[in-house]
Amino acid sequence: MHARVQREESVGLLSGICLIVGTMIGSGIFISPKSVLLYSGAVGPCLLIWTACGVLSTLGALCYAELGTMITKSGGEYPYLMEAFGSIVAYLYSWTTIMVLKPSSFAIITLSFAEYASTPFYPGCSPPLIVTKCLAAAAILVITSINCLSVKLASYVQNFFTAAKLLIILVIVVAGIVMLAQGKTENFSNSFDGTTTSFGAIGLAFYNGLWAYDGWNQLNFITEELKNPFRNLPLAIVIGIPLVTVCYVLVNVAYFTVMTTTELLLSPAVAVTFGDRVLYPASWIVPLFVVFSTFGSANGSCFTAGRLVYASGREGHMVKILSYINVKRYTPAPALIFNGVLAIFYTIPADINTLINYFSFAQWFFYGLTALALIVMRFTRKNLDRPVKIPVVLAGIMVLVSCYLVLAPIIDKPELEYLYCTIFIFSGLILYYPFVYRKVNWGRKIMRPITMHLQLLMDVAPPEKTE
């Protein structure tokens, strides 16, 4: 590709680590502590779950390191599922990701952005829902516009906000260490009292913890651009993810130095409460920087949404117009606008927690499939070059954990939502048969004028096939 000639191997080890850390640390660490604690029941298991989530993410990322260096194509899990299980599974993945996962994750992040941005204006109570929903919708519009206007602008925004989020984590951790040094340890005594023993509640605690770690597979979207990927991909993973784990556990420890479990559960915005108690009179910096951090994450989520759509549009798995690129600005405008519109729809009915449980259910289904793809390809694709080769046991553990995470909450507390989610994933097949498999003529006849009108409206054209 022309673009690839300039971009070729531009990302070094440090940038790779920054990308992992910057994408993973988002809104999760500022929202999830409440839900992880709620489902796990006490301080001890809560901290253990945060650590275990980090270990799991590292395992998952190592599986992805083998896959990414073996099949060097962009588009995350898509090419791996295509290679291992064929077209239908890859299509269902792209269908679910484009219709559910990407927009819902965008919606979750902007909702938490809105919650933190509006909390200071409503001291002593939670901001009204209508305010947070409108703010979230406005944020989605602004971020989508930034990404449609220019790639460079979007990456400047990203770099600025990554620095902001690392700074606030550092402030919270240092403040926590100071509090510990002053002997504020009473919340850690008897820290396992009240631990939950419910099979499904622990699964839900993991969902919320792992949501905060989501993004560990980001390097696989840019494998082609890494310098010396065979050394740097595994190294960036082994340095970046444990680093985030340490940050997360320390942030939670810091929270518990000043809040009892009850106070933490009642706080509308955990980090803000922490700031009010520890950093007063400078406590305003916490909500401000959390707003920066969530805004940056939402921008990152929007930034990568275009890549998969482009990859699946190329295979004919998605409506062609979605893989088109703006003629003047070279941004995948149709894909970004589509993602933004869906995200606004997702913000309307749901609250953050339902969205996270939905999202994790579908996401871990595909993470498990991808780990299974690694095991399958050890047998079906023996001849492929594997510069990074991990013990197959790790992929096995990953598959088992994914099964647990997908099934535990359903077995424990069957809700119709999970059924709807599954039905939705498989409903993609209704469209697959006529439009992808049979490539029916009437479908093309309907789409041609629509595509032309949208092309003129958005000033977009198909990307040049310069493979």
- [ ] Give the intermediate values and the outcome of side chain to side chain contact (heavy atoms under 4.5 Å, CB included) for residues T97 and Y93.
- [x] CA-CA 6 Å; T97 305; Y93 165 73; 3.2 Å; yes

Task: Criterion side chain to side chain contact (heavy atoms under 4.5 Å, CB included) on E415 and Y418, from CA distance to verdict - done: CA-CA 6 Å; E415 284 180 15; Y418 297 122; 4.1 Å; yes

- [ ] In sequence, state the C-alpha distance, the side-chain angles, and the governing distance for R386 and E66, and then conclude on salt bridge (Lys or Arg N to Asp or Glu O under 4.0 Å).
- [x] CA-CA 7 Å; R386 289 178 174 77; E66 173 172 327; 3.3 Å; yes

Task: Pair D214-S105, side chain to side chain contact (heavy atoms under 4.5 Å, CB included): steps then yes or no - done: CA-CA 10 Å; D214 204 61; S105 117; 5.9 Å; no

TODO: Take R329 and L149 through the test side chain to side chain contact (heavy atoms under 4.5 Å, CB included) and record every step on the way to the result.
DONE: CA-CA 7 Å; R329 306 183 190 280; L149 282 174; 3.9 Å; yes

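Using the six-membered ring where Trp is involved, Y255 and F274 have ring planes that are perpendicular, over 60° apart on the 30 and 60° scheme. Aromatic ring pairs are classed by plane angle as parallel below 30°, tilted from 30° to 60° and perpendicular above 60°; the pair Y213 and W50 is tilted. Using a 30° and 60° split on the angle between ring planes, F188 and F256 fall in the perpendicular class, above 60°.
Judged by distance alone, with hydrogens and angles left aside, the side-chain atoms of T331 form a donor-acceptor pair with the main-chain N or O of C148 at under 3.5 Å. At least one donor-acceptor pair closer than 3.5 Å links the side chain of T294 to the backbone N or O of V291. Between the side chain of S189 and the backbone N or O of T185 there is no donor-acceptor pair closer than 3.5 Å. Remark: the backbone N or O of A154 is paired with a side-chain donor or acceptor of N299 at under 3.5 angstrom. With hydrogens and angles ignored, the 3.5 Å screen pairs no side-chain donor or acceptor of N208 with any backbone N or O of S35. No donor-acceptor pair closer than 3.5 Å links the side chain of S283 to the backbone N or O of L279. Judged by distance alone, with hydrogens and angles left aside, the side-chain atoms of K165 form a donor-acceptor pair with the main-chain N or O of I25 at under 3.5 Å. At least one donor-acceptor pair closer than 3.5 Å links the side chain of Y116 to the backbone N or O of F30. Between the side chain of N190 and the backbone N or O of D193, no donor-acceptor pair lies under 3.5 Å. Between the side chain of K34 and the main chain of S267, a donor-acceptor pair closer than 3.5 Å is present.
For CZ of F230, the number of neighbouring non-hydrogen atoms (other residues, nucleotides, ligands) closer than 6.0 Å is greater than 12. Counting non-hydrogen atoms of neighbouring residues, nucleotides and ligands closer than 6.0 angstrom, the CD1 atom of I130 reaches no more than 12 such neighbours. The local environment of CZ in F192 is crowded, with over 12 non-hydrogen atoms from other residues, nucleotides or ligands closer than 6.0 Å.
Heavy-atom minimum distance, A114 versus A136: CB-N, 3.7 Å. Scanning all heavy atoms of the two residues, the minimum distance from I20 to A236 falls at CD1-O, 3.6 Å. Smallest separation of non-hydrogen atoms from I390 and L62: CG2-O, 3.7 Å. Residue T110 comes nearest to A139 through the heavy atom pair CG2-CB, 4.0 Å, listed as atom of the first residue, atom of the second, then distance. Nearest heavy atom pair, residue A65 against residue T69, reads O-OG1, 2.8 Å. Nearest heavy atoms, V36 versus C46: CG1-SG, 3.9 Å.
One finds no salt bridge joining K184 and E186 here, because no Lys/Arg side-chain nitrogen approaches an Asp/Glu carboxylate oxygen to under 4.0 Å. Salt bridge status for E115 with K133: absent, with no side-chain N to carboxylate O gap under 4.0 Å.
Inter-residue side-chain proximity for I375 and V392 is flagged as met; some heavy-atom pair is nearer than 4.5 Å. Inter-residue side-chain proximity for V376 and F85 is flagged as met; some heavy-atom pair is nearer than 4.5 Å. Side-chain contact between F361 and Y207: present, with at least one pair of heavy atoms (C-beta onward) separated by less than 4.5 Å. Looking at heavy atoms from C-beta onward, W284 lies out of side-chain contact with P120 at the 4.5 angstrom threshold. Residues T261 and N187 are not in side-chain contact: their nearest non-hydrogen atoms beyond the backbone lie 4.5 Å or more apart. Two residues are said to be in side-chain contact when any heavy atoms from C-beta on lie closer than 4.5 Å; F161 and S293 fail this criterion. Between C63 and T370 there is no side-chain heavy-atom pair separated by less than 4.5 Å. For the pair D412 and L204, the minimum side-chain heavy-atom distance is 4.5 Å or more.
Interatomic distance, I202 CD1 to L405 CG, rounded to the nearest 0.5 Å: 11.5 Å. Distance CD1/I109 to CD1/I143: 8.5 Å, rounded to 0.5 Å. Considering CD1 of I71 and CG of L374, their distance stands at 9.0 Å, rounded to 0.5 Å. Note that OH of Y122 is 9.0 Å distant from OG1 of T132, once rounded to the nearest 0.5 Å. The distance from atom CE of M318 to atom CE of M99, rounded to the nearest 0.5 Å, is 7.0 Å. How far CE of M259 is from CG of L265: 10.5 Å, rounded to the nearest 0.5 Å.
Side-chain atoms of Y367 and E77 include no donor-acceptor pair closer than 3.5 Å.
Residues F292 and F289 bring their aromatic ring centres within 6.0 Å. W95 and F424 have their aromatic ring centers within a separation under 6.0 angstrom.
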